[in-house]
Trainee: 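Below you'll find the structure I mean.
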Protein chains: 2
Amino acid sequence: MKKKEHKECLSALVPVKDTLDVIGGKWKILILISVWEGNRHFREIERSIPKLSTKVLAKELKDMEVNKLVIRTVVNGFPVRTEYTPTEYSKTLQKVINELRNWGVNHRKEIFGK
Amino acid sequence: MKKKEHKECLSALVPVKDTLDVIGGKWKILILISVWEGNRHFREIERSIPKLSTKVLAKELKDMEVNKLVIRTVVNGFPVRTEYTPTEYSKTLQKVINELRNWGVNHRKEIFGK
DNA sequence: TTTTTTGATTACCAAAAGGTAACTGATTAC
DNA sequence: GTAATCAGTTACCTTTTGGTAATCAAAAAA
């Protein structure tokens with residue numbers, strides 16, 4: 001009997017891992033939704049998500065900028081304002097997030113209800 | 001201007017979080033794929049995934065059993081064998097994982113290539 | 001008899017993630 | 001002058017996560 005090859009399995013997994021790096025974790029999707037909803041400024045986003053700390057928000061927004069989900073622009077001025085706007089590209093995630101949501105809805109039924 | 005309501009946003013997010021609890025993290029999808037590929041016994045699965053430790057595999061397999069992704073059966077016997085088999089239900093994740101993979105493939109192009 | 005293999009569990013330690021609070025610097029309102 | 005707001009940064013500490021190695025019981029192989 002041949003030994004099993006696992007290379008294939010692992011390489012197919014890299015892009016899945018990539019995606020989870022971008023939207024996995026506790027806050028990323030929450031932040032994305034907040035920005036999609038119209039929250040633009042740092043404090044505005046922060047206040048819109050209970051329990052989210054300044055530190056984590058700053059880190060997550062940086063990641064999201066690198067991943068082209070939001071654009072950060074500094075509005076020169078008075079009490080220094082920063083604007084985070086969602087990119088068009090970020091909307092390609094909506095389908096993925098929908099799939100995650102649908103499966104989750106069904107999974108609850110599978111584990112509890114039914 | 002009305003204050004924004006975030007209740008809706010948050011409740012829509014619960015199932016997404018549920019799904020990420022089930023397949024998020026470093027190992028869950030790897031283990032699932034390993035089992036789908038035909039690895040059945042604890043050591044077999046362990047050896048199929050480099051860097052995965054006994055402790056983490058044991059914990060993850062328990063979670064996966066609770067979530068009905070695998071069935072654990074003890075084959076009474078000689079050096080005590082345990083069998084993990086993927087459920088039919090686990091296959092409902094293939095669509096989700098595919099979406100994650102597709103987005104990841106495209107994302108690499110977006111961030112690097114192009 | 002000793003070693004090996006099986007599927008785990010446990011104790012112990014290291015690393016990573018995350019929270020809190022203080023502080024920056026500029027400006028406006030009181 | 002004092003306080004507050006904006007967008008963070010930093011230091012410090014706690015919690016969570018994860019890895020390593022030892023151990024268990026039971027049987028087969030040496």
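All values reported here derive from a predicted model rather than from experimental measurement.
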Trainee: What's the closest nucleotide to the side chain of B:Phe42 if the choices are D:dG8, C:dT9, C:dG7?
Mentor: C:dG7

Trainee: With respect to the side chain of B:Thr54, which nucleotide from C:dT6, D:dA7, C:dT9 is positioned closest?
Mentor: C:dT9

Trainee: To the nearest Å, how far apart are A:Glu65 CD and D:dA7 P?
Mentor: 14 Å

Trainee: Strictly below 4.0 Å: does A:Lys62 bring a side-chain N or O up to OP1 or OP2 of D:dT9?
Mentor: yes

Trainee: Is there side-chain contact between B:Lys59 and B:Lys62, with heavy atoms separated by less than 4.5 Å?
Mentor: no

Trainee: Which of the following nucleotides, C:dT6, C:dG18, D:dG19, is nearest to the side chain of B:Ser53?
Mentor: D:dG19

Trainee: Separation of A:Lys59 atom NZ from D:dT10 atom P, in whole Å?
Mentor: 15 Å

Trainee: Between D:dA7, C:dT10, C:dA8, which nucleotide gets closest to the side-chain atoms of B:Arg72?
Mentor: C:dA8

Trainee: Output the rounded distance in Å from CD (A:Glu46) to P (C:dG18).
Mentor: 16 Å

Trainee: Quick check: any donor-acceptor pair below 3.5 Å linking the side-chain of B:Arg43 to the base of C:dG7?
Mentor: yes

Trainee: Just to confirm, is there a sub-4.0 Å distance from OP1 or OP2 of C:dA8 to any side-chain nitrogen or oxygen of B:Thr82?
Mentor: yes

Trainee: Can you tell me how far C1' of C:dG7 sits from CD of B:Glu83, to the nearest Å?
Mentor: 13 Å

Trainee: Centroid-to-centroid, A:His107 to B:Tyr89, below 6.0 Å?
Mentor: yes

Trainee: Send over the distance from B:Arg81 CZ to D:dA25 C1', rounded to a whole Å.
Mentor: 17 Å

Trainee: Ignoring backbone atoms, establish whether A:Tyr84 has a side-chain N or O less than 4.0 Å from OP1 or OP2 of D:dG8.
Mentor: yes

Trainee: Is the shortest distance from a Lys or Arg side-chain nitrogen in B:Glu60 or B:Lys28 to a carboxylate oxygen in the other one below 4.0 Å?
Mentor: yes

Trainee: Measure from the side-chain heavy atoms of B:His41 and tell me the nearest of D:dT20, C:dG7, D:dG8.
Mentor: C:dG7

Trainee: Rounded to the nearest Å, what distance is computed from the CG atom of residue A:Leu61 to the C1' atom of nucleotide C:dG18?
Mentor: 16 Å

Trainee: Between atom CD in B:Glu60 and atom P in D:dT17, what is the gap in whole Å?
Mentor: 10 Å

Trainee: Is A:Lys17 reaching over with its side chain to a backbone N or O of B:Lys26, donor-acceptor style, under 3.5 angstrom?
Mentor: no

Trainee: Need the pair for C:dC30. Rule: Watson-Crick or G-U wobble, both distances under 3.5 Å, any strand; none if unpaired.
Mentor: D:dG1

Trainee: Indicate the ring-plane relationship of A:Tyr84 and A:Phe42, choosing parallel, tilted or perpendicular according to the 30° and 60° boundaries.
Mentor: tilted

Trainee: How close or far is atom C1' of C:dA15 from atom NZ of B:Lys55, stated in whole angstroms?
Mentor: 12 Å

